[in-house]
Amino acid sequence: MKLLKNFISYYKPYKFLFFADMFCALILSAIDLVFPLIVRYLLNDVYVLNDAHKIIKYVLYVGIALLIMYIVRYFCQYFITSWGHIMGAKMETDMRRDIFDNLQKQSFSYYDEASTGNLMSRIVTDLFDISELAHHGPEDVFISILKIVGSFAILASINSRITLILLFFTLAMLYFSYFYNKKMRNVFVKNKEKIAGVNAQIQDSLEGIRVVKSFANEGIENAKFNKGNNNYLKTKEESYFIMGRFHSGNSFFQGLLYLSAILVGGIFISDGSLKVSDLVIYILYINTFLNPIDKLVNFTEQFQRGLSGFQRFVEVINTKPDIIDKEDAVELVNPKGDISFKNVSFSYNNKHNILSNINIKIQSGKNIALVGPSGGGKTTFCSLIPRFYEVNDGSITIDGIDVKNIKLKSLRKSIGLVQQDVYLFSGSIKENISYGRPGAIDNEIIEAAKNANIHEFIMSLEHGYDTYTGERGVKLSGGQKQRISIARVFLKDPSILILDEATSALDNENEQYIQKSLENLTKNRTTFVIAHRLSTIKNADEIIVLTDEGINQRGTHDELIKQEGLYSYLYSLQFKQVE
């Protein structure tokens, strides 16, 4: 019942459409059910008359009344098929917005466990099934029950002469169906193209979720997504208008079949060539009561698909982000960059500790290098500062303020991140650099690119800053992508900088370019450098050696070499490898 209440809540913004849809369904069913009553009137009061002229006159009156009824039915069917579907599409759009917004709020821990493909399925496929259930469910059940109860005893048989006359209408209906099927096929192709674009944008954003969060640009991702989502809604509206004309047109032709049977059958009865009972059987068999039964059978399958899809949807919606702002959280304004770890411990999913009882104070503007064997917690150490993960014990402060008491957006806007695995969004080079500070003017973007030593390369391209990077920047080399990511951080201008093995995957030439860019970037900023190439961090103000047991050593390069500990061993090992 709780699941059903949640489902019904999405009808609230569209109550008028829902009740209008149900009203049209009521009118449509009433028209279909009143037909046998009209036949009964003809049998009992009209066809028993001995005056042929009167019979034809009354039959014409009844025919005119039926024509009016089927015109009304046409518009009711059109409304149900078009606006009823649009109501479902609007609900689907609202659900997709809600689930995407909730996914943007989740922490790294959620994405460590979640499958992107599964999330895509919930956002796209499941929501389509829910949309179909939202529209067809109440309407199909309502109409089917009315028709089954009202027409379960109706029987009819076929007359060959009337069938020949009705063949013309059948052929016309087939041509009509063929014509609109082509139209629907074309618009459905457009639908698939649009939803493919939406899926690509969703995947783009979710795969780059670490970049999104490090720049606190969830709002931009929501805006980009809503644009594509609403464009998809427009194409669905177009397709449902065509479907409305298709289904209502077919219903209108079926109505003409009834009308022709009555008019032609009346003429045959007037000259004595057709029995009244034969006409009744024929007419009542045109629309069989099996149709609503088939609908209910189909609805059972649809209900199961839609309900299971909504259950999966609710599972995501009900997943609360584990890292959120406190009610009294403060803005971090112009931080100096003094950072302190006090008795900090952290483990993934409360299992084996990655960091244990870390205590360290870092003065603003210092360049701190983190080294050690893989799995020692270097990346985790840095990820705790912008609260990508939450510490299990202890506290981390910036300028004396616990990061838990700082608003996430202002905290992450004060921290720049350059990773080994660079993520570029689908778009131009200019758009990717401006991601560092949305709304930046061209001169600021160019200045950031110059600082990252990438401006000359960009200007050598045919389209310059408007060059399309391709999905994940596939059209650029690793070094070029890295420098664009550095330009992005230059534009962001953070007080705290994290370099996570930013040069480890580059060749020597590119590494020299990147090192020059990084030297410019780290000036007057509190910087954490994670590096496996120890030669690149010899000039760091302090080197911290991390292992799975905690801080193993601390000091400058020369101090640690003299101690002949783990750092000295790792450095000599790399030196021998170079030789």
Side-chain angles (χ1 to χ4, degrees), residues 97 100-101 103-104 116 193-232 386 409 412-494 497 502 510 513-514 517-518 520-521:
R97 177 202 62 215
F100 186 81
D101 182 64
L103 288 172
Q104 289 289 311
T116 302
E193 291 172 352
K194 293 292 184 182
I195 195 59
V198 173
N199 289 343
Q201 200 282 319
I202 292 171
Q203 185 175 359
D204 198 28
S205 180
L206 295 184
E207 287 183 352
I209 194 67
R210 284 165 171 77
V211 179
V212 175
K213 287 187 170 295
S214 67
F215 287 93
N217 280 340
E218 291 89 345
I220 291 177
E221 290 306 303
N222 284 332
K224 285 161 59 177
F225 171 81
N226 285 333
K227 181 179 178 181
N229 197 25
N230 290 328
N231 286 338
Y232 177 56
K409 190 162 187 174
R412 291 170 181 172
K413 278 190 173 295
S414 302
I415 301 172
L417 178 63
V418 180
Q419 297 171 299
Q420 173 187 350
D421 184 16
V422 178
Y423 192 94
L424 297 185
F425 294 95
S426 296
S428 67
I429 292 176
K430 177 182 176 181
E431 288 171 339
N432 272 283
I433 295 177
S434 65
Y435 206 84
R437 190 168 80 244
I441 61 176
D442 289 352
N443 287 341
E444 293 172 326
I445 295 171
I446 292 172
E447 183 65 24
K450 288 179 178 179
N451 288 331
N453 293 315
I454 191 67
H455 173 72
E456 291 183 4
F457 164 74
I458 296 173
M459 295 307 297
S460 70
L461 300 172
E462 182 179 357
H463 300 292
Y465 282 83
D466 293 322
T467 300
Y468 179 66
T469 62
E471 187 174 356
R472 294 186 66 108
V474 294
K475 296 185 178 181
L476 302 173
S477 71
Q480 292 158 358
K481 289 192 292 185
Q482 190 65 279
R483 279 181 278 167
I484 288 174
S485 76
I486 293 172
R488 192 158 56 187
V489 178
F490 263 115
L491 190 61
K492 184 179 183 179
D493 193 24
L497 186 63
N510 269 308
Y513 274 111
I514 301 301
S517 302
L518 294 178
N520 294 332
L521 182 60

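We use all heavy atoms of the structure for the numbers below, so side chains are in, but hydrogens, waters and symmetry mates are not.
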Please check if the side chain of [X] supplies one atom and the backbone of [Y] the other of a donor-acceptor pair under 3.5 Å.
{"X": "Thr469", "Y": "Ser426", "answer": "no"}
{"X": "Gln104", "Y": "Asp101", "answer": "no"}
{"X": "Arg412", "Y": "Ala216", "answer": "no"}
{"X": "Asn451", "Y": "Ala487", "answer": "no"}
{"X": "Asn230", "Y": "Asn226", "answer": "yes"}
{"X": "Asn217", "Y": "Lys213", "answer": "no"}
{"X": "Glu431", "Y": "Ser428", "answer": "yes"}

What I'd like to find out is whether the side chain of [X] reaches to under 4.5 Å of the side chain of [Y], using heavy atoms alone.
{"X": "Ile220", "Y": "Asn222", "value": "no"}
{"X": "Leu476", "Y": "Ile484", "value": "yes"}
{"X": "Glu444", "Y": "Phe490", "value": "no"}
{"X": "Leu417", "Y": "Phe215", "value": "no"}
{"X": "Ile433", "Y": "Leu491", "value": "yes"}

Distance (rounded to the nearest 0.5 Å) between Lys492 NZ and Ser214 OG
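One gets 5.5 Å once the value is rounded to the nearest 0.5 Å.
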Separation between CG (Leu497) and OG (Ser414), nearest 0.5 Å, reads 12.5 Å
Next item on the list: Start with the C-alpha gap between Glu447 and Lys450, add the side-chain angles, then the distance that decides, and say whether salt bridge (charged side-chain N to carboxylate O under 4.0 Å, His left out) holds.
Entry: CA-CA 5 Å; Glu447 183 65 24; Lys450 288 179 178 179; 5.1 Å; no
Acceptor/donor pairs from residues 455-464 side chains to any protein atom, 3.5 angstrom cut, sequence neighbours excluded:
{"unit_1": "His455", "atom_1": "ND1", "unit_2": "Tyr465", "atom_2": "OH", "d": "2.7"}
{"unit_1": "Ser460", "atom_1": "OG", "unit_2": "Phe457", "atom_2": "O", "d": "2.5"}

Item to complete: Under the side-chain contact (heavy atoms from CB on, under 4.5 Å) rule, what do Asn229 and Phe100 come out as? Steps first, then yes or no, please.
Response: CA-CA 11 Å; Asn229 197 25; Phe100 186 81; over 6 Å; no
By side chain to side chain donor-acceptor pair (under 3.5 Å), Lys409 pairs with (sequence neighbours left out) none
Note to self: Could you check whether atom NZ of Lys430 has more than 12 heavy atoms from other residues, nucleotides or ligands sitting under 6.0 Å from it?
What the structure shows: no
*After noting the C-alpha distance and the side-chain angles of Arg488 and Val211, does the key distance pass the side-chain contact (heavy atoms from CB on, under 4.5 Å) rule?*
CA-CA 11 Å; Arg488 192 158 56 187; Val211 179; 4.0 Å; yes
Report task. Indicate whether the side chain of Gln482 and that of Ser485 have a donor and an acceptor atom separated by less than 3.5 Å. Result -> yes
Minimum heavy-atom distance Ser434-Ile445, with the two atoms named: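 Minimum heavy-atom contact is CB-CD1, 3.8 Å.
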Note to self: Evaluate Leu424 against Tyr435 for side-chain contact (heavy atoms from CB on, under 4.5 Å), listing each step before the verdict.
What the structure shows: CA-CA 10 Å; Leu424 297 185; Tyr435 206 84; over 6 Å; no
